[in-house]
Amino acid sequence: MKKLLLTLWCAGALITATAGNNIAPWGWATCADEAGSAYVLNGGNFSDAKTKTLKALGGGQTDDAQIRQAIAQNDIVILDGSNGDFVLGEYVKMASTKNKTIIGINNARLCTKFYLTAEDNAYLKNYKDANGTPLASMSSTDQYTGTLPDGTTLTCDRRAFYTKEALMKLQYQKTGTYSLPNKAGIFVIETSSENIIIRNLSLIGPGAVDIDGADLITNQGQHVWIDHCTFVDSQDGALDSKLCDWATYTYNHFYYTTRSYSHAYTCGCGWVSNHSMVLHLTFARNIWGQGCQRRLPQVDDAYIHLVNNYHNCPGNSVGMTLNSYVKALVEGNFAATGVNSPLTGSGANRQITVNGNNFSASSVGSTVTMPYEYTKISAASVPATLTGAEGAGATLGNDAAYIMANIPTVTREAAASTIYYFIDGIVGENASGLSVAKFSDGATILLNKKDKAWSKGTNVIVNGDKYTSLKVSNGAENIFTAPEGKKVISITFYSYINIKEENINFASYPVYGFRTSFWKSVGGQTFTADSEGVHILKSRDPEDPDIATFNITPANVVSFTNTGEQVCFVMEVTYENSSTGVSTIPYIQSNHKIYNLQGQETKTTRRGGLYISNGKKVIMN
């Protein structure tokens, strides 16, 4: 991805457009560290942002491919619901995706193609194991090992196993194949993704069913803000936070309908192996409504802020559940009559500060505070605020400019280099039938041989980040074309040999066990296995790839070819004279009135904090 230096743009005026609840990013998502140092979360809202508006294809077509492509090739994606619902055959992955905003207008709804029908629910409710035990009576904790109808042997809790068995049989009746529709979600924000905003969308799932299926959104990224979205009938979690960090979730509405069968568990957070990391999460002014049973949210391994949320799900199992290795501030939340156990949890290393809620709960351990500024309302005001105009859910209307109004605009600094990697959905054919990959900045890679096809390789590690590699057959010429006006001065390949262990043959290839592999030509330079400057490729480990750099006579078009074995790679391209210098955010001690990013005057500031003064965004000293 582009390595971007973000510089703040003059706001022009105070954020007085904060009418209703159209807020600016805040909370942990806008912090760079636990001291609360500012991180400018702009979601790709550059002064020269590339924007794409999509409408649903309709006519029974699915929209996941066009959404995936729009995200890959643009900074801001506007999903316009005026042509009906967007339908997803499977969830859209955002792998190593940075600086993106996705917003909805005109009641944009993203719906999973698969969903549970009333007949499906009746089948599940009547389903019994060989001993006549119905699904609803089975344990969700006792481990069970069995073989599913497709021949897979599986160990999981008993209820989950038999739910999978039942749903496989249902799918067989419909399709003639034993399968699980377990990709029925909307977005998966994968690791190494950063600076992501999702706003004003309705996300409609297939109905809750315990098959270890997809979440409506799985967040594994960094600095993610999800605001004013409606989450309905998630298959598994509605919004799960796994291996992510620095996330804020505001004004979202979670609920379930009669489409859901079981496992209406909305927001699981943490579950980090060996407590090896701490997630920093803010949940503010969200509604957990009809049908929500558990995980409102359920948290471990996190430094979390739960403020002014509304639990309006009478008859639930348990509410906010704070377990091991949690540091939490729980304040100003409201639980409706009939909500069970609004705040519970257990485990080791818990610090929980509780105040100002409408229910009774005790603090645990040392006092917990938040390093960032925020405004809270009384618990008694929460229901009216969250159900009123621009309350929780997709309530921000149909004006894209208004929805974007309070997201910081920054200047895109020209990148010295760009990482190019494979993204599903952006490979097509040109007029000659040749495969071509198109990248978000306008660059392309052409595979100049019809009988050689692209496919996706394993993630390659580059400077600690994962990038999905490109896989091409051995010997095919590749032609890279830089964006208009740019000239390549060097290319670095991060690659591994794609050969299976069983095909290693030292009898035929005594040196490496496979054919000698190297970059045969790059930018007009040609190499043999013995020539000076050749880079012999030896690694078969994508986590420790070969690194080969070639200096190029400045050119807009560069061809390259490998030889030997099939290779999987990502490439880092450095451009000529692309750096425009460094602009910095001013540190000032202001004599003007100071406002926070929500447009509210404040008398107290902290060093390093991001504020508005005299119509400009500034960092205070």
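FYI, the numbering just counts along the sequence from 1. Remember, it's a predicted structure, so these values are computed and weren't measured experimentally.
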To the nearest 0.5 angstrom, please state how far the [atom1] atom of [X] sits from the [atom2] atom of [Y].
X: Glu390; Y: Ile23; atom1: CD; atom2: CD1; value: 10.5 Å
X: Met571; Y: Phe480; atom1: CE; atom2: CZ; value: 5.0 Å
X: Thr282; Y: Trp28; atom1: OG1; atom2: CH2; value: 7.5 Å
X: Thr444; Y: Lys438; atom1: OG1; atom2: NZ; value: 8.5 Å
X: Leu203; Y: Ile186; atom1: CG; atom2: CD1; value: 5.5 Å
X: Asn562; Y: Ser521; atom1: CG; atom2: OG; value: 9.0 Å

Kindly indicate, with the supporting measurements, whether the criterion side chain to side chain contact (heavy atoms under 4.5 Å, CB included) is fulfilled by Phe550 and Val558. CA-CA 11 Å; Phe550 298 87; Val558 179; over 6 Å; no
Exercise: do [X] and [Y] side chains pair donor with acceptor under 3.5 Å:
X: Gln566; Y: Asn498; value: yes
X: Thr549; Y: Thr492; value: yes
X: Ser495; Y: Asp546; value: no
X: Asp441; Y: Tyr420; value: yes
X: Thr191; Y: Gln220; value: no

Are the side chains of [X] and [Y] in touch, meaning some heavy atoms are under 4.5 Å apart?
X: Lys100; Y: Asn195; value: no
X: Thr218; Y: Lys242; value: yes
X: Lys466; Y: Val460; value: no
X: Ile71; Y: Ile102; value: yes
X: Val436; Y: Ile445; value: no
X: Thr62; Y: Leu88; value: no
X: Ser469; Y: Tyr496; value: yes
X: Cys568; Y: Leu470; value: no

Shortest non-hydrogen separation from [X] to [Y] and the atoms involved:
X: Tyr372; Y: His305; result: OH-ND1, 2.7 Å
X: His223; Y: Leu41; result: O-CD1, 3.8 Å
X: Thr97; Y: Met94; result: OG1-C, 3.3 Å
X: Ala214; Y: Tyr91; result: CB-CD2, 3.7 Å
X: Leu110; Y: Leu79; result: CD1-CD1, 3.7 Å
X: Leu447; Y: Asn478; result: CD1-OD1, 3.2 Å

Where the side chain of [X] meets the backbone of [Y], is there a donor-acceptor pair that is under 3.5 Å apart?
X: Asn556; Y: Lys487; value: no
X: Thr101; Y: Gly43; value: yes
X: Asp64; Y: Gly89; value: yes
X: Thr574; Y: Ile489; value: no
X: Ser490; Y: Asn551; value: no

Working note: Gln61 + Val87, criterion side chain to side chain contact (heavy atoms under 4.5 Å, CB included); need CA distance, chi angles, decisive distance, verdict. CA-CA 7 Å; Gln61 301 179 81; Val87 178; over 6 Å; no
Are [X] and [Y] near enough that their ring centres are under 6.0 Å apart?
X: Tyr467; Y: Tyr494; answer: no
X: Trp225; Y: Tyr249; answer: no
X: Tyr39; Y: Trp246; answer: no
X: Phe569; Y: Phe560; answer: yes

Could you please spell out the steps behind the side chain to side chain contact (heavy atoms under 4.5 Å, CB included) verdict for Ile197 and Ile226? CA-CA 6 Å; Ile197 294 173; Ile226 300 174; over 6 Å; no
Quick one: side-chain hydrogen bond (donor to acceptor under 3.5 Å, both in side chains) pairs with a partner in residues 227-239, sequence neighbours left out? Arg199-Asp227, Asp227-Thr250, Asp233-Thr257, Asp233-Ser260, Ser234-Tyr256, Asp236-His263
Report the C-alpha distance between Thr468 and Asn459 in whole Å, list the side-chain angles of each, state the deciding distance to 0.1 Å, and finish with yes or no for side chain to side chain donor-acceptor pair (under 3.5 Å). CA-CA 4 Å; Thr468 307; Asn459 287 344; 3.0 Å; yes
Considering the options Pro297, Cys267, Cys269, which one meets the side-chain contact (heavy atoms from CB on, under 4.5 Å) requirement together with Leu239? Cys267
Looking at Lys98, His280, Glu194, which one forms a side-chain contact (heavy atoms from CB on, under 4.5 Å) with Gln222? Glu194
Who passes side chain to side chain donor-acceptor pair (under 3.5 Å) against [X], sequence neighbours left out?
X: Asp240; answer: none
X: Thr553; answer: none
X: Asn286; answer: Asn252, Asn309
X: Asp465; answer: none

Evaluate the criterion ring-ring contact (aromatic ring centres under 6.0 Å, His included) for residue pair His535 and Trp519; output intermediate values, then yes/no. CA-CA 7 Å; His535 290 268; Trp519 297 104; 9.4 Å; no
Before you tell me yes or no, could you show the steps for Gln66 and Phe86 under side chain to side chain contact (heavy atoms under 4.5 Å, CB included), namely the whole-Å CA-CA distance, both residues' side-chain angles and the distance that decides it to 0.1 Å? CA-CA 10 Å; Gln66 70 154 338; Phe86 293 87; 4.2 Å; yes
Salt bridge (Lys or Arg N to Asp or Glu O under 4.0 Å): which pairs involve residues 26-54, sequence neighbours left out? Asp48-Arg412
Go through the steps for Thr409 and Asn45 under the test side chain to side chain donor-acceptor pair (under 3.5 Å), then give the verdict. CA-CA 5 Å; Thr409 303; Asn45 188 29; 3.2 Å; yes
